[in-house]
Every structure is written in C-alpha cells, then in structure tokens.
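The shown structure was predicted, so the numbers you read here are calculated from the model rather than taken from an experiment. Count residues from 1 along the sequence.
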Amino acid sequence: MGRYRYGLVGEKLGHSFSPMLHKAFGNYEYGLIEIGRGDIDDFFERADFDAVNVTIPYKETAMSHCLPDEVASDIGCVNTLVRTADGVKGYNTDTYGFEYMASSAGISFSGAKVTILGSGGTCRTAAYTAGRLGAAHITVVSRHPSDMGLNIPCPASYVGYDGKYDECDILVNTTPIGMYPDIDRMPIDISNSYVNLKAYIDVIYNPLSTRLAYRAKKKGIASVCGLPMLVAQGFFASKLFMGEDIGSDPVGSMSGADREVLEGAVRAIREKTGNIVLTGMPGSGKSTVGKALAQKLGLDYADTDEIFRDENGMKPSECIRLKGESTFRRLEKKAVCSAAKTGGRVIATGGGVVLDPENMEMLSLNGRTVFLNRKLEELATRDRPLSEGSENLKGLYYRRLPIYLANCEFAVNVEGDVGSVADTVAHELAGDRIRPGGAGENRTGGNEIGGAGLHNIPNRSAEENLVKRDGCMNILIINGPNLNMLGIREPDIYGSNTYDDLMRLCRKKAEELGICVRFYQSNHEGDLVDIIQQAYGMYNGIVINPGAYTHTSVAILDALKAVGIPAVEVHISDVGSREDFRQTSYIRQYVRATITGHGFAGYTEAMELLSGNVQADVLP
C-alpha cells in the first residue's frame, strides 16, 4: 500500500463528493482510500499520510489512534486527522458543518427542545452542536434507547420511536433512512406527532431533499438537508490540512470571501446532481425539448414513458387500452420513482404524472419542475388515448391546467423551434439552476404561463415566509369557475379574448409596475379556499374574481379574512346591471376595492391599486 498525502478514509466510497470539494478548497491532490475493517487499525497506526478525512464506520475507531482536540473528545469521534511533528491530531469539523447547515436555514437552537433520530456518531455530533448553541433539552430517539453519556451542557433523555413529542421544537434526522437509493422511505411520520415542530434538519444529502424534509416544508416548517453540512465540514477540514488555526468559532468568524467559496461549492454540487423535471400535456414537446435541454446543459436524459415501457414491456398507450387507466397509473408510479432516484438528469414526464401528488413529491426531492405549455390546436394526439378528439383534448387541458400550474416553479410557452424553447428554459434556470433541499435554499419561480419575462416569486410549496424577493412585490391573481373558458363562454358578455390573453395582459402590466404575478384558476370552491390559505406569508396582495362563488361563498370570505392579505375584487362584466342573484357579493365585506364592468382592464387596475399606484377607492 503506497503513501497517501490527502484523502478520505472509509469502507465504501463509491459516490463521494469529497475530491470535488477539496479541489475547490485547496491546492493539493485528494483521493479516496477504501480500507476494510480488518485493516483499519493498522492503517491508522502506520499513519502513512499527511492529512485525511474519516467517514463512517471509522470515526470512533480513529479516536484511539490520534490526539483528539477538546471538541472531538467531547463529541467522542473524529472526522479529520492531521499528521504533525507531535503525532497525529484529531478534530471533528462535522460540528461546524452542522452549525453552518442550521444557520443557512435560519434555524436557532437557543432555548429549543431538540429531538434527534438515531444514536450513532452523527447523533453525538448533532447533540453536542445543539448543546453548545444553547439548546434547552435533547431527546434521543432510537430503537434501543439507552444513556449515551453525551457530554452536553443541557439535560438529555433517551426514548423509543413509539412516543409523541408534542414539545419538540427542532427535529434532527441522523439515520440513513431516506438516503439513496431508498429515497421513498421516511424514518417517521410527522403528520400526527411533533405538532409544535418549528424546524427540521436532515443530515442526508443524497437526495438533495429527503421525503420527510419535503413534507415538513409543505407543512410550513423550516427545513434543511445535509449538503451544506457536507460542504462546510470539508471546508474547515481543508484549513486544518493546510495548518491553519480555525479558532473556537469558525462559523461565526467566517469572512465574506469564505462564505462565497462555500456557497459556490454547494451550488456546484446541486448543479451536478439536481434534476430538471418537465411536465405538460401529452404532445406538448416534453421529450424533444428535454433531449435538447439535456444536451445543452450536459445532463443525462430520462423519460418516464420510456422507463415504463422498459419495466412493463409495453407502451403507456397499450397499457391504457388493454388494462385501463387505473392500472397504468399504478405502474407509472413505479416508473416515476425509478426516474427520481438518480440525479443529474432532465426528466420528461407523462402528461398525467402530475395527477398523483406522490409522483410530484418524489420528483421534487432532486429536482425543479418546469411546465411546458403548448397551444391546444398544436398538441399532438396520435397514439394518446386519453386526449384523442378535440373535445376530449380541450376538457383534459382545462382540467389539468390548474394542476400543472400548482406543481411547477415556472412555465414556458412552447413556441418556435425546439432549440429556442430549450434555450428559454435554460435561461430561466441560469445562474442558480438546481436548488431543492431546505429553508433558505429554494429558488422558486412564478407559476404562470409564459416564456420570456417570467418573474421569480415564491411558489405554494416554498418554505420561506418572505412576501418580497429581491424587492419584488408579489401578487396572486385568482379566478373562479368557468373563467378558464373565456373566449368560449358567452362572448357577448365576456368578450372573445381567452384566459391566455388575460394572463398575457397581466404579465405585461406586472413588468411595467415592477411587480411579480402568479395566476391560479379553479372550478372548485375548496381549491380556491386552499390557494388563499397557502398565500399567507407569500403574497403582498390578491386580485380575485370568484365567478359565481361571489354570490354564494362564505368560505372564500372567511379564507380572505383569515390570511389578512389586501385584496381587490374584479368582475369582467358589469354585475350591477345583471340578474338579481348577482347583486350579492360576500367577499365585498373584506376586499379593499371592487372593480366591475371594465373587462380585462379591471385586473390591471387592481394590480395598480395593490402596488400603491392609485387610491384604494371602490371603483364603479
């Protein structure tokens, strides 16, 4: 066995990012050093290296072969060994990586009750870090609970998985459950316990976001996964490799330049391992655009329909005709899971993949979703049994459109050649392409139909309670039943312009006003209530046309009152001159203004009002 200068020591190291990180952090060669369990003591004893990182399962073993510093001694394991004239010194930079990860998500341990899943070496690191940062109490959850003798300044308790932890403020997963390739697994279900949970931390970094982290974010809980920890521990280890003193507070004393290096390394790994997921109607061009986009960005390409065919020996259309749609959807779900497991891909999905929330959950763990919107008359329908025939196609499109919009970060019109569409998608993704993974990390885009000129605004699953991003005011435009049929529905009253025309007009006005806008339309009262509730903390204002629910829905009124977001009521027609039953508006008790009879211009007037450019008077 030759002499090593710098590297990572472990038992199996097939997919480590450490060489990539240390190339960015230091001017030295860094390799992967795989050592069997029977040979590890001899390797540490010979210490034939300058400096190495140590990963599982050898972090505790290394303690007996080095002079650990005070931090490593308190934790009980090391992850960094540096050979010096005085012998091999041991350090634990994982604690600083863990601290950096939490701080990057705005999570504070001061006075918090912390619950840690798992009782291995990473649990020791998490407990020590939380304790030194001011946690009030640590609870360790494991299959065989026993006193770990944690050296921490706060009380600790040890329990099994069968309890409820209503007083837990911060939940930390240090188990491997949910890690690649088993990304569909979760260590616990937080739906019925952890009711007061404020933050979730997961040390897993592959996938970029675990399933439990995804669900925590959907519940509005700040969460972060392990990539920032991985990068930061390597950064501080590299400084020790070079003989630098990192001090007692390396995270707090980081320079701006150091933070830029760290953030750049995090972005580089996300860019290398994240996915871009394309959704849209059957025949919208997902496959052709996806292949062009993958080639442009240097990513692999995967198609859920092709995976389905390989796994089941038939095309989706054949399965639907022979076995029915329900059987097809069940089998399609497996194909989606297969596609989602591997990173570094552009994934083209089947048109109905978005109908199953669990499909979108799996795809979101490693990726961002882009909706490709193609004009109805241009959609290909050959060999697509669910969309054959113009009426079937039209009905399918308008049923699915709100679902596509609710499950994407931004949308792009499929106009022009394939290359130009791929260029538009790439342009929107440029600069910070892949960012799933935790609070403070997601770059989210406006869920509106359109290519160029999209505004980046928080989407419904964003975890940050920020209503302004980069100084941009965010406005949500909500339309109720039948407004998706504009241009078809009673043109003598509502005109011949379409819903797409309305969105284009509002996007243009948004650009003029320097604001961000997103659209939502549904024919279902409960969906409208849901989107209003989900707007809380995300939008500065709401423009709402409830359609017929204007005259019947107390629930929509109550939802607006509950979130307290300034709102303007809009009606395309002059409802005051129409039927008696249209003279009642429940939401008028709440809204800041009502605009009726101004056609599509009423929406842009409402946007001006909410942006503060006009007075908040009730308009005729």
Side-chain angles (χ1 to χ4, degrees), residues 97-110 112-118 122-123 125-126 129-130 133 135 139 141 165 168-180 183-232 263 266 269-270 273-274 340 357-358 360-369 409 434-444 458-466 469 534 536-538:
F98 189 88
E99 178 183 354
Y100 175 81
M101 171 177 59
S103 65
S104 72
I107 298 171
S108 171
F109 291 97
S110 180
K113 297 176 181 178
V114 181
T115 298
I116 302 174
L117 305 178
T122 308
C123 167
T125 299
T129 308
L133 294 176
T139 300
V141 181
Y165 310 102
C168 173
D169 298 313
I170 301 174
L171 178 64
V172 182
N173 177 42
T174 66
T175 77
I177 299 174
M179 185 170 66
Y180 175 88
I183 67 171
D184 57 328
R185 297 182 62 204
M186 296 186 294
I188 60 167
D189 183 356
I190 61 173
S191 59
N192 297 317
S193 57
Y194 300 92
V195 294
N196 295 311
L197 191 63
K198 299 178 179 65
Y200 176 70
I201 298 172
D202 202 318
V203 300
I204 292 172
Y205 58 85
N206 183 13
L208 295 173
S209 175
T210 62
R211 200 171 186 186
L212 188 54
Y214 176 91
R215 293 194 175 185
K217 283 183 283 185
K218 293 287 281 185
K219 291 170 68 71
I221 297 168
S223 63
V224 64
C225 285
L227 183 57
M229 177 181 175
L230 172 74
V231 172
E263 291 164 2
V266 170
I269 292 178
R270 287 196 180 109
T273 61
E358 288 195 7
M360 299 314 298
E361 179 173 298
M362 296 301 295
L363 290 166
S364 295
L365 303 186
N366 264 328
R368 296 173 60 194
T369 301
E409 293 192 11
I434 304 296
R435 301 195 71 181
E441 296 182 68
N442 282 10
R443 175 188 180 272
T444 53
N459 69 6
R460 64 187 293 179
S461 62
E463 70 286 351
E464 299 165 299
N465 289 325
L466 298 176
R469 194 176 186 90
Q534 292 163 14
Y536 178 73
M538 308 296 291

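- Lys219 pairs by the salt bridge (Lys or Arg N to Asp or Glu O under 4.0 Å) definition with nothing, not counting sequence neighbours.
- A pairwise comparison of heavy atoms in Ala112 and Ser108 identifies CB-O, 4.3 Å as the closest pair.
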Worked check of side chain to side chain contact (heavy atoms under 4.5 Å, CB included) between Ile116 and Thr139: CA-CA 6 Å; Ile116 302 174; Thr139 300; over 6 Å; no
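- Every side chain to side chain contact (heavy atoms under 4.5 Å, CB included) that Thr175 has, sequence neighbours left out, goes to Leu117, Tyr161, Asn173, Ile177, Pro187.
- Judged as a side chain to side chain contact (heavy atoms under 4.5 Å, CB included), and not counting sequence neighbours, the contacts of Ala130 are Phe109, Val114, Ala135, Ile138.
- Shortest non-hydrogen contact noted between Cys225 and Ser209 is SG-CA, 3.7 Å.
- Across all their heavy atoms, Ser223 and Ala213 have their closest contact at OG-O, 3.5 Å.
- Atoms CD1 and CG, from Ile170 and Leu197 in turn, are 8.5 Å apart once rounded to the nearest 0.5 Å.
- A distance of 13.5 Å separates OH of Tyr100 from CE of Met229, quoted to the nearest 0.5 Å.
- Nearest heavy atoms, Val224 versus Ala105: CB-CB, 3.7 Å.
- For Glu358, the salt bridge (Lys or Arg N to Asp or Glu O under 4.0 Å) test picks out Arg211, Lys333, with sequence neighbours left out.
- Within the 4.5 Å cutoff, the side chain of Cys168 has no heavy atoms near those of the Lys113 side chain.
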Residue pair Leu133, Glu99: steps toward the side chain to side chain contact (heavy atoms under 4.5 Å, CB included) verdict: CA-CA 8 Å; Leu133 294 176; Glu99 178 183 354; 3.7 Å; yes
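- Pairs of residues two or more places apart, or lying in two chains, that qualify as salt bridge (Lys or Arg N to Asp or Glu O under 4.0 Å) and include a residue from residues 195-208 are Asp169-Lys198.
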Side chain to side chain contact (heavy atoms under 4.5 Å, CB included) between Val172 and Phe98, intermediate numbers included: CA-CA 11 Å; Val172 182; Phe98 189 88; 3.9 Å; yes
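- In terms of the side chain to side chain donor-acceptor pair (under 3.5 Å) criterion, Ser103 has no residue partners (sequence neighbours excluded).
- A distance of 10.0 Å separates CD1 of Ile221 from CG of Asn196, quoted to the nearest 0.5 Å.
- Looking at Arg215 and Glu361, a side-chain N of the basic residue comes within less than 4.0 Å of a carboxylate O on the acidic one, giving a salt bridge.
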Side chain to side chain contact (heavy atoms under 4.5 Å, CB included) evaluation trace for Thr273 with Asn206: CA-CA 9 Å; Thr273 61; Asn206 183 13; over 6 Å; no
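- In this structure the side chain of Tyr200 reaches within 4.5 angstrom of the side chain of Thr210, judged on heavy atoms.
- Taking every heavy atom of both residues into account, Val266 and Leu227 meet most closely at O-CD2, 3.8 Å.
- Asn366 places a side-chain N or O within donor-acceptor distance of the main-chain N or O of Leu208, the cut-off being under 3.5 Å.
- Using a 4.5 Å cut-off on side-chain heavy atoms (C-beta onward), Ile107 and Ile201 make contact.
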